[in-house]
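What follows is a structure written as C-alpha cells; I'll ask about it next.
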Amino acid sequence: MNSGLLMRALRESWPATLIIGLVLMGVESLLAFVLPKFGAQLAQQWLQIDFARSIMQAMLGTEMAGRIGPQIFQAVAWVHPAVLALVWAHATIFCTRVPAGEVDRGTVDVWLSLPVSRWEVFLSETTVWLSSGAVVLLAGWAGNLLGSLALPEAQRPEAGRLFIVLCNLFCLYIAVGGFAWLVSSLSERRGRAMTSVFLVLLALFLLYYLAPFWPPLERVVFLSPLHYHRPVNLLAGGAWPWRDMAILLGAGGAMWLAAGLVFAKRDLCTV
Amino acid sequence: MVQLENLTRHYGARRGIERISLSVAEGVLFGFLGPNGAGKTTTIRVLLGFLRPGGGAARIFGLDCWRESKAIKRDVGYLPGDLHLPSWMNGVAAVSIFGAVRGCDLTQASRQLGERFGLDLRVKVRDMSRGMRQKLGLILALAHSPRLLVLDEPTISLDPLMQQSLHEHLRHLAAAGHTVFFSSHSLGEVEQLCERVAIVRDGELVADESFAALRQRAGFEVTIRWAEPSHALGLVPPEFLKLTRREGAVWQGTLEGPAHRLVDYLAGKAVLELTIGRPDLESLFRRFYQREKGGAR
C-alpha cells in the first residue's frame with residue numbers, strides 16, 4: 001500500500017466523512033431516543049391504520065403481528081430512510097471519487113503520472129473508503145447509544161445485538177459502495193456517475209417498499225439490498241445474519257472487483 | 001530512451017494518431033511540434049500509459065508503456081498540458097504527497113526549484129494564478145530529477161522571464177544527460193530550445209529530424225531587388241528559385257539547393273540588392289506542411 005496515496009485519499013475524503021458521521025450520529029441519537037419513548041403512543045394510534053402498519057412492515061421487512069415491542073422501535077433507527085440516505089450518500093460520494101471524479105476534475109493525469117499502478121490507486125482508495133465507512137457507522141452507533149442513555153434500561157438496545165445490526169449495515173454499505181465503484185469505473189463524469197447510482201438506489205429502495213403492496217414485485221424484491229438488512233430480527237433474536245451478510249458482501253465484492261478490472265484496463269482521458 | 005513504432009490510436013471513428021514512428025536518444029532536447037489537435041497529447045498519453053495503443057508499440061527505457069508503466073514512471077517527470085491540481089493543496093502538501101508516493105524526500109529539491117522559479121510553496125492551489133500552478137506542476141515534475149522529462153506545452157501560461165528560466169534549466173538538464181520531450185505548438189520556442197524536432201499534423205508524423213537538416217531541406221528565403229522593373233519583367237526565374245512574390249522590381253521566394261547556383265544565375269544581371277537568409281521556423285513549417293499536404297516531399 002502506498003502511503004502517499006493513502007494520505008491523499010484521507011486528506012480529500014475526511015470532510016465528507018466527518019460531516020456525514022456527525023449528522024448520522026445526531027439522527028441516530030434522536031431516533032434512538034424518540035422512537036422507543038413514543039413507541040407506545042405510536043402503536044396505539046398510528047399503527048392501527050392498515051396502511052401505516054404496511055409501511056412500517058415494509059420498512060422493517062418483517063411481519064409485525066404481535067411483535068410490537070422495544071425492538072421494533074430500536075430497529076427503525078437502522079432502517080429509517082434518513083439513516084439509509086446518509087450511509088448510502090457516503091458510499092456514493094466516496095466511491096465515485098476515482099476514477100470518475102478524478103477524470104472529471106482533470107487530476108487523474110497528475111496522480112497516474114506517478115510510479116503507481118492503477119490497482120495500487122484502487123486499493124489505497126478502497127482502504128480509506130472502508131475505514132471511513134466504518135467510522136461513519138461507528139458514529140451512528142455511538143449516536144444510537146447516546147440517544148438511548150436517556151431511556152429506561154428496559155427500552156435500551158443490547159450493545160452486542162446492536163453491533164450485529166451495525167455489521168449487517170456495513171455489509172449493505174459495501175454492496176452500495178461496490179456498485180458505485182463499478183459505475184464510477186465506467187464513467188468520465190462524477191455527476192453522471194452519482195446520478196446513476198442515486199437513481200438505481202432509489203429504484204431498489206422503492207422496490208423494497210412497494211413489494212408488500214404489489215405481489216408481482218415480491219418476485220424480484222431479492223434484488224433490493226434492503227431485503228438483506230432486517231435489524232428487527234437481529235435485535236429480537238441476536239443471531240448473526242450470515243446468509244444476508246454473505247449475499248451483500250458477495251454482490252459488493254463482485255462489483256468492486258469488476259470495477260477494479262475496468263479501471264485497470266480502461267483508457268483515461270481528461271480532454 | 002523513447003521509441004515509437006507505427007503507433008496508432010483512434011478515438012472510436014475519429015483518428016487520434018496514425019502510424020507514428022520516432023525515437024529519442026538520451027540527453028536530447030526533443031521538440032514535439034504540431035498545431036492544436038494534431039495528436040501531440042494523444043501521443044504523450046500513450047507514452048504515460050493513460051491510453052492503450054490501438055496498434056504499434058511505445059517504449060520508454062526499453063519498457064512497454066502500457067504494461068510496464070509503473071516501472072517507467074519512476075524515472076519520468078510529467079507536466080500535463082492542462083494541469084489540474086486539487087484546490088485544497090498547497091505546494092508543501094503536494095511535494096510531501098508526491099515524495100511519499102515516490103518514496104523519496106523531495107523537500108530540498110522542490111525548495112530550490114521554488115526559489116529558482118519564484119514560487120512560494122505555501123500558497124494554496126485555489127489561490128494560485130494559472131502561471132503559479134504551472135510553476136508548481138514544473139516543480140513536481142522536476143523535483144525527483146527524472147531521466148526523462150515529458151512536458152506538454154509547459155510554457156503556455158508562463159511569462160517571458162519564466163520561460164527563459166525554464167529553457168535554461170532544461171538546457172542544463174540535457175547537458176547533464178537528461179532527456180526532455182518538449183511538446184509545443186509554438187514553433188519559435190521549439191526552434192530556440194530543441195536540437196531535434198518531430199512535426200505531427202492531423203495525427204501523422206510529417207517530419208522527424210534536426211533543425212539543421214530541416215532548414216536545409218526547406219531552402220533559403222531569398223529577396224532580389226532589380227535595378228529596374230523592366231529588367232525583372234523579361235526574366236524567367238530558374239527552376240531552383242520558387243517565387244512567392246513578384247512585384248515590379250522585387251522578387252521573393254525560396255531557394256532550393258546551394259546558394260552558388262543563384263549567384264551564378266545573377267552574374268552579369270542588374271541586381272540592386274540580394275538578400276539570402278535562413279527561413280524562420282514558422283515559414284519553414286508552413287511551407288513544409290503545405291508541401292506534405294500536396295504530396296510532394
Side-chain angles (χ1 to χ4, degrees), chain A residues 1-19 93-94 96-125 127-128 185-186 188-190 260-271, chain B residues 9-12 16 36-37 40-42 44-54 66-89 93-104 106 125 133 136-137 140-141 144 146 149-152:
Chain A
M1 206 71 69
N2 189 297
S3 61
L5 292 177
L6 288 174
M7 224 154 88
R8 176 194 72 113
L10 200 60
R11 176 60 188 78
E12 294 195 337
S13 61
W14 74 261
T17 301
L18 181 72
I19 292 168
I93 289 170
F94 200 108
T96 51
R97 277 172 28 81
V98 175
E102 296 282 1
V103 172
D104 200 7
R105 68 177 177 169
T107 47
V108 75
D109 284 14
V110 175
W111 302 117
L112 289 183
S113 69
L114 294 168
V116 285
S117 69
R118 294 189 189 184
W119 271 109
E120 277 178 277
V121 173
F122 193 65
L123 289 174
S124 304
E125 288 288 325
T127 304
V128 179
S185 290
L186 294 164
E188 304 272 313
R189 296 279 173 264
R190 191 180 194 185
L261 290 169
V262 171
F263 177 49
K265 304 274 179 203
R266 67 170 280 187
D267 291 323
L268 290 167
C269 199
T270 53
V271 286
Chain B
R9 168 69 214 203
H10 291 192
Y11 297 98
N36 293 330
K40 303 188 296 294
T41 301
T42 299
I44 288 173
R45 284 177 177 281
V46 174
L47 283 174
L48 269 291
F50 302 157
L51 298 176
R52 189 202 285 258
W66 176 256
R67 285 194 299 273
E68 294 159 293
S69 176
K70 180 183 169 181
I72 288 171
K73 285 183 275 196
R74 281 195 193 103
D75 257 327
V76 172
Y78 169 57
L79 178 72
D82 191 17
L83 176 70
H84 290 274
L85 289 164
S87 56
W88 57 267
M89 262 186 180
V95 167
S96 156
I97 290 177
F98 272 54
V101 174
R102 289 195 175 277
C104 55
L106 304 175
V125 168
R133 284 201 295 272
L136 179 57
L140 296 172
H144 61 292
L149 198 54
V150 179
L151 305 175
D152 193 359

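Throughout, protein chains are lettered first and strands after them, A, B, ... in sequence-line order, and every chain is numbered starting at 1.
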Name the region of B:R67, side chain, backbone, both or neither, that has any atom closer than 4.5 Å to a heavy atom of chain A.
neither
Rounded to the nearest 0.5 Å, how far apart are OH of B:Y11 and CG of A:D267?
8.0 Å
Below 4.5 Å, heavy-atom pairs only: which of A:P115, A:S124, A:G4 has the largest tally toward chain B?
A:P115
Are the side chain of B:K73 and the backbone N or O of A:V116 linked by a donor-acceptor pair below 3.5 Å?
no
Let me know if B:T42 has heavy atoms under 4.5 Å from chain A in its side chain, its backbone, both or neither.
neither
B:F50 versus A:V108: any side-chain heavy-atom pair under 4.5 Å?
no
Report the distance from atom CE of B:M89 to atom CD of A:E12, rounding to the nearest 0.5 Å.
7.0 Å
Should the heavy atoms of other residues, nucleotides or ligands under 6.0 Å from CH2 of A:W14 be counted, would the total exceed 12?
no
Pairwise side-chain contact, A:D109 with B:R45, heavy-atom cut-off 4.5 Å (strictly under)
yes
Closest non-hydrogen atom pair, B:K70 against A:S117
CD-N, 3.8 Å
The interface call for A:R266 against chain B, heavy-atom contacts under 4.5 Å, is backbone
Value for CG (B:D152) from OG (A:S113), rounded to nearest 0.5 Å, stands at 12.0 Å
Give, for atom CG of B:L48 and atom CG of A:L268, the distance between the pair rounded to the nearest 0.5 Å.
11.5 Å
Heavy-atom nearest pair, A:A264 first then B:W66, reads O-CZ2, 4.0 Å
Bottom line for B:I72: the part with an atom under 4.5 Å from chain A's heavy atoms is neither
Out of A:L6, A:V121, A:N2, which one pairs with B:V101 under the side-chain contact (heavy atoms from CB on, under 4.5 Å) rule?
A:N2
Close side-chain approach of A:V110 to B:F98, heavy-atom, < 4.5 Å
yes
Nearest 0.5 Å please: distance from the CD1 atom of B:I97 over to the CE atom of A:M7.
4.5 Å
